[in-house]
Asker: 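Okay, handing you the structure first.
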Amino acid sequence: MADTGLDAFKSNQEKRVIDATKKVRVGIIGTGWIAHNHIKEYLKMPDVEIVAGADLVEGKAEEFFKGYGLENVKCYPSHKELIDSGEVDAVSICTYNSTHAECTIYALNKGVHVLLEKPMCVTLDEAVEMRRAEKASGKILSIGFQPRFDNNMKMVKDIVQSGVLGEIYYIQTGGGRRHGIPTPFGTTFIEKDKGAIGALGDIGCYSLDMVLNAIGYPKPITVSGYVSDFHGKNPDYFVSDKKPADYADIFGVDDFGAAFIRLEGGIILDFRIAWAMHLDTPGDTIILGKKGGLRIPSTECWNGSIGGPLKLYQRIGTEDVVTEFPVKPPVEEGVFYLKIRSFLDAIKTGGKAPVPSEEIIINQAIIDAINKSAKLKKEIEVVIPEV
């Protein structure tokens, strides 16, 4: 294929003009490590006032904001007190997975826009209640899937949506780490009452979103799932990682998950994800259609992008043709910046959520079904209630 074929998938980004006269009052709920990414980007926004914060740990929020030279941010011991203060237009929710639903529903019910860190929540039931609160409030709920703003992720979607692959019938996707249970920041990721779900929710939701977003988010029909925790329950794993061996006693989530998922439209999704395994990667992502196939090289550690050039496989006439799409450079502003900027723009213009819950509820339904199927040791049907 000539260069002009690649041109069809090039995108042009316009320079954004920000109206700094119209400020958005923002609060940050949960001041752990991911909150640092949020505040760093908010501080770049001339139309944002960071006015409030909340954390369950006494003094943690105050220390967090002082570290960024913000002495006048009002801090609260709970999300309810922050929201009830009436001081904020929007919040970033950066709390434990297990409290995502509670904090989000309360904020929406009080008329506050929400940027929610991934995963959306823990169960499908929670996701349904969040959607209901969002619809009743008329406010924006955007889920923190920043990989969507990566140029290469956009390229994947552009190729699939162009129709060059034809009707999609099979997808293989996943990702993971050879040695990467996330404990550098403590144990909140691995404790059952806080993290609630492990690799599935941490990086599995990203991997699912990459392919589901590309094909238009069809609903799942059935799921046969499997999860394990062999590495997380092994004290030697943590000793070798220079962590206390008793982390294995605390470990209460999955470190590996896999599933065979039947989607609407006759599409089969073969999925696997890992925090720890005896491989560098569980394999590339492949999307097979009746007119072509697309290979998306994996990364050794899921980083929200791709591990090498995309390859499009086709048969044109009597020739087998491979078209290589070079890896695009990172977006200048950074994907985390764009995640937050798009949320603020939607608030200010009355637009739609940049990463809408009506899509991510499907992502969450699959994760929930994997856990339920694994527990029951059989394939289960997936029904997402109308909201």
Side-chain angles (χ1 to χ4, degrees), residues 118-119 145-148 150-157 159-160 165 168 170-184 189-190 197-215 223-234 236-238 240-241 251 253-261 267-289 293-313 322-330 335 363 366-367 370 374:
K118 57 78 189 168
F145 281 39
Q146 66 272 5
R148 282 205 187 186
D150 176 77
N151 284 329
N152 297 290
M153 290 299 177
K154 290 180 180 180
M155 175 72 81
V156 170
K157 184 173 183 178
I159 292 172
V160 175
L165 300 181
I168 306 300
Y170 176 83
I171 298 172
Q172 170 187 296
T173 196
R177 307 164 182 162
R178 184 171 181 175
H179 192 84
I181 294 175
T183 53
F189 270 102
I190 67 174
I197 48 179
L200 281 173
D202 180 33
I203 52 179
C205 65
Y206 284 151
S207 182
L208 287 169
D209 188 64
M210 175 174 68
V211 294
L212 292 172
N213 185 43
I215 64 174
V223 170
S224 181
Y226 169 85
V227 298
S228 61
D229 57 5
F230 303 129
H231 298 283
K233 287 292 189 183
N234 179 3
D236 291 339
Y237 175 94
F238 294 104
S240 67
D241 207 23
F251 199 91
V253 297
D254 59 276
D255 60 34
F256 177 82
F260 191 78
I261 304 152
I267 302 171
I268 299 301
L269 174 54
D270 183 357
F271 167 74
R272 71 295 301 266
I273 201 77
W275 268 347
M277 57 183 171
H278 293 299
L279 285 174
D280 54 354
T281 171
D284 293 344
T285 290
I286 58 173
I287 303 177
L288 300 182
L294 182 66
R295 180 179 296 278
I296 306 165
S298 66
T299 57
E300 289 191 9
C301 176
W302 179 260
N303 64 4
S305 191
I306 61 177
L310 302 177
K311 290 186 178 180
L312 171 64
Y313 297 79
V322 180
T323 305
E324 188 170 287
F325 295 80
V327 176
K328 291 190 172 187
V335 292
N363 190 303
I366 291 173
I367 291 173
I370 292 171

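Treat the numbers as computed from the prediction; the structure is a model and nothing was measured.
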Asker: Tell me the closest heavy-atom pair linking Tyr206 and Pro147, and the distance in Å.
Answerer: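 In this case the closest contact between Tyr206 and Pro147 is CE2-CD, 3.6 Å.
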
Asker: Check the pair Ser305, Thr299 against side chain to side chain contact (heavy atoms under 4.5 Å, CB included), reporting the backbone distance first and the verdict last.
Answerer: CA-CA 8 Å; Ser305 191; Thr299 57; 5.9 Å; no

Asker: What closest approach, in Å, do Gly174 and Pro282 show between heavy atoms, and which atom pair accounts for it?
Answerer: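 Answer, listing the atom of Gly174 first, then Pro282: C-CG, 4.5 Å.
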
Asker: In Å, rounded to the nearest 0.5 Å, how long is the span from CG of Leu288 to CD1 of Ile267?
Answerer: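 Atom-to-atom, Leu288:CG and Ile267:CD1 are 11.5 Å apart.
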
Asker: Got a sec: does the CZ of Arg272 have more than 12 other heavy atoms crowding it under 6.0 Å?
Answerer: yes

Asker: Do you know which two heavy atoms are closest between Ile215 and Val160, and how far apart they sit?
Answerer: CG2-CG1, 4.0 Å

Asker: Applying side chain to side chain contact (heavy atoms under 4.5 Å, CB included), run through Asn152 and Leu310 and close with a yes or a no.
Answerer: CA-CA 9 Å; Asn152 297 290; Leu310 302 177; 6.0 Å; no

Asker: Among residues at least two apart in sequence or on other chains, which ones pass side chain to side chain contact (heavy atoms under 4.5 Å, CB included) with Pro330?
Answerer: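 Pro330: no side chain to side chain contact (heavy atoms under 4.5 Å, CB included) contacts found.
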
Asker: Hey, is Lys118 close enough to Asp202 for a salt bridge, meaning N to O under 4.0 Å?
Answerer: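 Looking at Asp202 together with Lys118, the answer is yes, because their closest N to O distance falls below 4.0 Å.
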
Asker: Closest approach of Cys205 and Asn363, non-hydrogen atoms and distance?
Answerer: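 Cys205 and Asn363 have their closest heavy atoms at O-ND2, 2.9 Å.
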
Asker: Between Pro119 and Ile197, which heavy-atom pair has the shortest distance, and what is it?
Answerer: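 Result for this residue pair: CG-CD1, 4.1 Å.
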
Asker: Which distance, rounded to the nearest 0.5 Å, do you find between the CZ of Phe238 and the NE2 of His231?
Answerer: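 The CZ atom of Phe238 sits 11.0 Å away from the NE2 atom of His231.
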
Asker: Using every non-hydrogen atom in the two residues, find where Asp284 and Gln172 come nearest and quote the distance to one decimal.
Answerer: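 Result for this residue pair: O-NE2, 2.9 Å.
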
Asker: With sequence neighbours left out, what residues match Thr281 under side-chain hydrogen bond (donor to acceptor under 3.5 Å, both in side chains)?
Answerer: Ser298

Asker: State the CG-OG1 distance between Leu312 and Thr323, to the nearest 0.5 angstrom.
Answerer: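 The OG1 atom of Thr323 is 5.0 Å from CG of Leu312, to the nearest 0.5 Å.
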
Asker: Could you walk me through whether Tyr170 and Ile286 pass the side chain to side chain contact (heavy atoms under 4.5 Å, CB included) check?
Answerer: CA-CA 8 Å; Tyr170 176 83; Ile286 58 173; 4.1 Å; yes

Asker: How long is the straight-line distance from CZ of Phe260 back to CG of Leu269, given to the nearest 0.5 Å?
Answerer: 9.0 Å

Asker: How long is the straight-line distance from CE of Met153 back to CE of Met210, given to the nearest 0.5 Å?
Answerer: 5.0 Å

Asker: Between CG of Asp229 and CD1 of Ile190, what distance do you get to the nearest 0.5 Å?
Answerer: 11.0 Å

